[in-house]
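Accompanying notes for the structure given below.
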Amino acid sequence: MSKKGKRAEIALEQIRNIGFAAHIDAGKTTTTERILFYTGKVHRIGEVDDGTTTTDYLPQERERGITINSAVVSCEWKDCMINIIDTPGHVDFTVEVERSLRILDGLIVIFCAVGGVQPQSETVWRQADRYNIPRIAYINKMDRTGADFYSVIEKMRRRFGNKVMPLQVPVGYENTFEGIVDLISLKAYKYIDEIGSEIQEIPIPSDLELKARAMREELLETTVEGQDELLAKYLNEEEITPEELIGAIRRSTIKNNIIPVFCGSSLKNKGVQFLMDAIVSYLPSPLDIPDISGINPKNGVLQTIKPLPEGSLVALAYKIVADSFVDKLTFIRVYSGILETGKSLLNINKDCKERVNRIFRLQADNRQEMQSVTAGDLAAVVGLRNTTTGDTLCDINHRIILNSIQVPEAVIYVAIEPKTVQDEEKLSLSLKKISEEDPSFKVKIDEETGQTIISGMGELHLEIIVDRLLRDFKVEANVGKPQVSYKVAITEVVECAGQYAQQVGGKGQYGRVVIRFSPLNRGKGFEFENLLSPEVIPKQFIPYIKKGLHLSIEAGIWGFPVIDIKCSLIDAEYSVGDSTEIAYQAAASIATQDGLLKASPILMEPIMKVEVLAGEENIGDIIGDFGSRRGKIEGIEQLSGDAKAVKSMVPLSEMFGYSTALRSKTQGRGTYTMEFHHYDEVPSDISNKIISRGY
């Protein structure tokens with residue numbers, strides 16, 4: 001759905017590019033829906049349980065009540081334009097969070113007042129640390145039984161440090177939660193009506209007054225540190241006004257020196273307006289964040305990019321969406337310059353020109369057509385044929401490459417095949433579209449069986465993709481059972497020669513290389529090193545040697561790809577008139593096949609970080625069950641009441657069907673989360689069985 005329109009220009013300091021992130025079911029989508037209601041973007045509050053929310057618009061999201069696709073919405077609050085990305089909370093869709101964090105200026109991390117710091121909220125926090133994103137925290141669900149604001153603060157400080165700083169305390173809890181005390185102004189507010197639009201100032205409850213004053217003093221002490229003028233006033237016991245304190249908190253938040261914390265119940269429409277005020281007051285505009293930098297591809301020099309409309313165009317494509325109306329939407333963040341309809345630009349990663357046909361401001365699955373988008377803003381573009389996630393777009397005469405987006409490792413796969421010949425082409429095209437959208441989704445053809453293998457982040461990830469193939473793309477296909485994505489690593493350094501010599505007609509094909517294969521530390525991937533002096537072979541053959549190595553490493557041995565390996569080219573032979581690119585590529589492949597088997601290879605399996613929440617009476621059974629699954633217990637944490645969290649590392653191969661087993665052991669009351677952590681060696685007895693079975 002598209003509407004024509006032109007938004008009044010908003011100054012850069014009035015833009016907020018922010019995201020909501022949290023553990024699944026902490027209330028991100030519900031909070032986003034309330035913000036859209038209070039800013040007038042929707043006139044009826046949608047509910048996750050009813051499948052009527054704005055940002056969860058895919059059928060798969062509404063049926064399951066979870067966010068799968070990170071949706072973009074825009075709204076205005078207190079003269080600020082707020083671009084919001086509502087990200088998924090399920091670990092299978094962590095790439096959606098990763099690419100959103102790559103382009104955001106600020107983040108709201110939502111915590112459940114009962115669950116506290118849950119696994120995915122901790123993962124998101126670490127991701128935000130990696131990008132140094134200023135953030136605020138929102139403790140949601142204060143109305144729920146077991147809600148404990150102070151316990152969550154304690155857990156946050158234990159996990160994230162003492163810079164976690166409450167700016168509010170709740171008035172009441174569970175079914176008596178009715179408002180908040182603002183520690184800036186030392187005033188209390190109560191919600192009067194059911195939709196949260198009527199807020200009344202009340203006296204601070206007597207049981208909270210001393211606590212509120214003590215917490216405000218702690219806030220002052222932390223905030224004035226490093227701010228000389230305010231520190232002097234504080235030490236001289238002079239009054240610091242609320243306006244001065246807000247400014248100081250803003251500066252400290254942008255520098256990531258403190259994390260302001262707020263509370264509420266989004267479902268009950270309490271606390272959201274104060275959170276919106278905090279977005280405007282404390283999170284940065286594009287002008288407040290450090291200038292980003294990119295590499296000049298011609299000379300490798302680092303260049304600084306300022307977020308100015310008058311600068312040269314620099315933008316990052318952070319998401320691709322297949323669209324039934326316009327073929328393909330490319331979501332972009334403009335860092336410098338102005339992008340206009342009809343403009344030609346350069347995709348520096350693909351080294352090709354692209355043309356912008358249309359520009360949209362998105363409101364989830366609705367869109368408003370724009371003529372241009374300026375520095376500091378987000379938009380979606382139509383017409384970019386070759387652009388994929390992580391590509392840099394720039395002026396044709398001003399080349400620069402921005403850091404791309406990290407894509408997590410796929411750990412699970414299924415075989416899929418079309419039911420009819422007519423479905424074969426449809427399946428291929430559909431998988432191509434989905435892989436363009438989702439860089440964590442991989443497609444390959446098994447050379448031995450001819451089967452199409454699709455890989456992803458987890459069972460739910462692949463389940464959603466298969467559902468989309470069958471329902472959205474109308475592909476009839478047979479789908480196998482999920483299988484673990486094993487890898488191979490070498491453990492010794494070996495040197496191997498590969499030679500390719502063929503006579504085709506009167507012309508020869510000759511190439512010979514010697515490669516040293518070395519194991520790398522876990523997570524390092526594939527590295528190539530050319531140790532030849534320039535006179536040994538012409539330099540144009542080097543890329544083909546690297547290509548032959550890389551293709552053979554991906555093909556691997558025993559049917560599994562090889563990881564964490566360094567290939568060093570240490571010698572080669574050249575024959576004038578006979579040496580060709582193809583011959584050197586083939587020689588590198590021959591050397592690899594021989595070298596991998598000689599380097600004492602081992603089979604590696606994905607190890608998952610698993611956290612189970614259950615009652616005290618079930619903990620013994622859960623620990624015993626993990627032992628039978630080759631799991632290692634990392635720790636047990638006491639939660640509210642008699643609930644405990646069991647943390648462990650378990651091979652993915654042992655976790656199939658765990659949902660049913662856990663329900664049985666806990667009478668349906670236990671829950672668990674699971675995310676990929678690392679690859680580790682498979683025990684030899686199990687490894688032999690897997691290798692004999694093959695991919």
Side-chain angles (χ1 to χ4, degrees), residues 19-38 45-50 53 55-56 64-67 86-90 107-125 135-157 159-160 164 166-181 189-191 194-196 199 259-276 278-279 611 613 637 639-643 645 669-673:
F20 284 105
H23 189 86
I24 191 169
D25 202 32
K28 299 179 307 302
T29 301
T30 299
T31 304
T32 304
E33 194 69 23
R34 269 58 182 177
I35 288 178
L36 294 177
F37 175 74
Y38 294 130
I45 298 176
E47 302 293 354
V48 172
D49 290 343
D50 298 337
T53 57
T55 52
D56 285 353
R64 291 168 174 81
I66 62 171
T67 300
D86 177 24
T87 67
H90 196 286
L107 185 68
I108 295 97
V109 185
I110 300 181
F111 296 87
C112 172
V114 181
V117 182
Q118 296 167 286
Q120 182 63 2
S121 53
E122 190 169 357
T123 298
V124 167
W125 196 278
R135 74 211 74 155
I136 59 182
Y138 174 60
I139 299 177
N140 189 27
K141 303 193 177 185
M142 284 302 306
D143 61 302
R144 282 188 56 187
T145 301
D148 190 335
F149 176 81
Y150 303 104
S151 173
V152 177
I153 293 293
E154 181 187 339
K155 289 174 183 174
M156 290 174 67
R157 286 180 169 174
R159 301 280 181 92
F160 310 134
V164 171
L167 269 60
Q168 298 175 339
V169 293
V171 176
Y173 60 97
E174 298 180 344
N175 61 351
T176 65
F177 174 66
E178 59 180 3
I180 60 100
V181 176
Y189 298 92
K190 178 181 179 180
Y191 284 84
E194 287 190 359
I195 62 171
I199 306 171
I259 310 291
V261 184
F262 301 83
C263 64
S265 169
S266 298
L267 184 65
K268 300 296 184 182
N269 308 312
K270 295 173 182 176
V272 177
Q273 293 98 323
F274 291 110
L275 180 63
M276 294 158 66
I279 291 169
E611 182 166 326
L613 308 182
E637 183 179 349
L639 304 177
S640 57
D642 71 341
R669 292 190 292 272
T671 61
Y672 81 102
T673 57

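Values below: every heavy atom of this structure, side chains too, minus hydrogens, waters and symmetry copies.
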- request: Quick one: closest heavy-atom pair of Ile180 and Cys263, and the distance?
  value: CG2-SG, 3.8 Å
- line: To the nearest 0.5 Å, atom CD1 of Ile139 lies from atom CD1 of Ile110 at 11.5 Å
field: Glu174 (side chain) donor-acceptor with Gly146 (main chain) under 3.5 angstrom
entry: yes
query: For Tyr191, does its backbone N or O pair with a side-chain atom of Lys270 as donor and acceptor, under 3.5 Å?
result: no
task: Please indicate whether Tyr173 has more than 12 foreign heavy atoms, meaning atoms of other residues, nucleotides or ligands, lying under 6.0 Å from its OH.
output: no
- request: Would you confirm whether Asp143, through its side chain, and Phe177, through its main-chain N or O, come within 3.5 Å as a donor-acceptor pair?
  value: no
message: Once rounded to the nearest 0.5 Å, what's the spacing between atom CZ of Phe262 and atom CE of Met276?
response: 13.0 Å
- request: Among Val124, Ile108, Thr29, Thr87, find the residue that satisfies the side chain to side chain contact (heavy atoms under 4.5 Å, CB included) test when tested with Phe20.
  value: Ile108
query: What's the shortest heavy-atom distance between Pro166 and Phe149, and which atoms?
result: CB-CZ, 4.1 Å
- request: Take Phe160 and Val117, measure what side-chain contact (heavy atoms from CB on, under 4.5 Å) needs, and give me the verdict at the end.
  value: CA-CA 10 Å; Phe160 310 134; Val117 182; 3.7 Å; yes
Test item: Asn269 and Arg34 side chains (from C-beta on) under 4.5 Å apart, heavy atoms: yes
query: Where does the angle between the aromatic ring planes of Phe274 and Tyr189 fall among parallel (under 30°), tilted (30 to 60°) and perpendicular (over 60°)?
result: tilted
- request: With the side chain counted from C-beta on, respond yes when Lys155 and Asp148 share a heavy-atom pair under 4.5 Å apart, and no when they do not.
  value: no
- request: Would you check, one step at a time, whether the test side-chain contact (heavy atoms from CB on, under 4.5 Å) holds for Ile259 with Arg135?
  value: CA-CA 6 Å; Ile259 310 291; Arg135 74 211 74 155; 3.7 Å; yes
field: Stepwise side-chain contact (heavy atoms from CB on, under 4.5 Å) check, Val261 with Arg157
entry: CA-CA 11 Å; Val261 184; Arg157 286 180 169 174; over 6 Å; no
- prompt: If every non-hydrogen atom of Cys112 is compared with every non-hydrogen atom of Lys141, which pair is closest and at what distance?
  reply: SG-CD, 4.0 Å
statement: Rounded to the nearest 0.5 Å, the OG1 atom of Thr30 sits from the CD1 atom of Ile35 at a distance of 11.5 Å
task: Check for a donor-acceptor pair, side chain of Ser121 on one end and backbone N or O of Gln118 on the other, with a separation under 3.5 Å.
output: yes
- request: For residues Ala22 and Lys28, report the shortest heavy-atom separation together with the two atoms involved.
  value: N-CD, 3.3 Å
message: Using modelled atom types and a 3.5 Å cut-off, is there a donor and acceptor pairing between side-chain atoms of Glu33 and backbone atoms of Ser266?
response: no
query: Roughly how far, to the nearest 0.5 Å, is CE of Met142 from CD of Gln168?
result: 10.5 Å
- prompt: Closest heavy-atom contact between Thr31 and Leu275?
  reply: CG2-CD2, 3.8 Å
field: Gap between atom OG1 of Thr673 and atom CG of Leu613 - 0.5 Å precision
entry: 6.5 Å
message: How close do Ile195 and Tyr38 get, counting heavy atoms only, and between which atoms?
response: O-OH, 2.6 Å
